Amino acid sequence: MKLISANIEDLRSLYISNLKKALDMEQKITKALPDLIENSTDSELSTAFRTHLEETKGHVAKVQQLLQKNDGKANTETCKVIDGLTTEASDTIKDVTDPSIRNVALIGAAQQVEHHEIAVYGTLRRWADLLGLTEDARVLLSIEKEEANADKLLTQISERVNVQVAA
Ligand SMILES: [Fe+2]
Ligand SMILES: [Fe+2]
């Protein structure tokens, strides 16, 4: 049951509400990625996760700056999607005992997160454009590109790792 209504009446309020959810999402990803690094047994994969953890810390800072600029503070709203996706990832770590299969599973879990982030930033960027927030749109595009590159790298790694487990 929702006790407090967010009172969204215009595109600007919708934009700020979704920036708050993006901040919650990124903060939760910075907490989830160390587990993925620790549980990966493929060095290329753990390096990819480590690199993206540093990028994700940058995403937190960028979204905080956008919120400061547009809302005077950097509050969060709960992103329920990331709660589900990170729960799936930690279940995977618990349930998949074979290290090679676990690498494959970790890639799958991580790509679900990246795809969600790409959707989030694509939407926010288009709303920023509609609101005439050109600088915001530029920042959001820079984040979206890092998410897309992380996703592409995971696809490349999965092509090698998947073949190894299928053999
Ligand atoms: Fe991110
Ligand atoms: Fe990401």
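All of these numbers come straight from a predicted model, not from anything done at the bench. For reference, positions follow the sequence shown, starting with 1. Atoms within each ligand, like the ligands themselves, are counted from 1 in listed order.
- The closest side-chain heavy-atom distance from Thr123 to Tyr15 is not below 4.5 Å.
- Of the charged side-chain nitrogens involved, at least one lies within less than 4.0 Å of a carboxylate oxygen, so that Asp91 and Lys94 count as a salt-bridged pair.
- Contact check on Lys62 versus Glu26 returns no salt bridge, with no Lys/Arg side-chain nitrogen under 4.0 Å from an Asp/Glu carboxylate oxygen.
- Under 2.8 Å from the Fe ion (ligand 2) lies an N/O/S atom of His52, whether from backbone or side chain.
- In this structure, CZ in Arg12 is found 8.0 Å from CG in Asp71, a value given to the nearest 0.5 Å.
- Within Glu117, the N, O or S atom lying nearest to the Fe ion (ligand 1) carries the name OE2.
- Here Lys28 pairs with Asp24 in a salt bridge; the nearest charged N to carboxylate O distance falls below 4.0 Å.
- Per residue His59, closest N, O or S atom to the Fe ion (ligand 1): atom name ND1.
- With the Fe ion (ligand 1) as the vertex, OE2 (Glu147) and OE1 (Glu26) define an angle of 150°, rounded to 10°.
- For a distance bound of 2.8 Å, the N, O or S atoms of Glu114 include one lying that close to the Fe ion (ligand 2).
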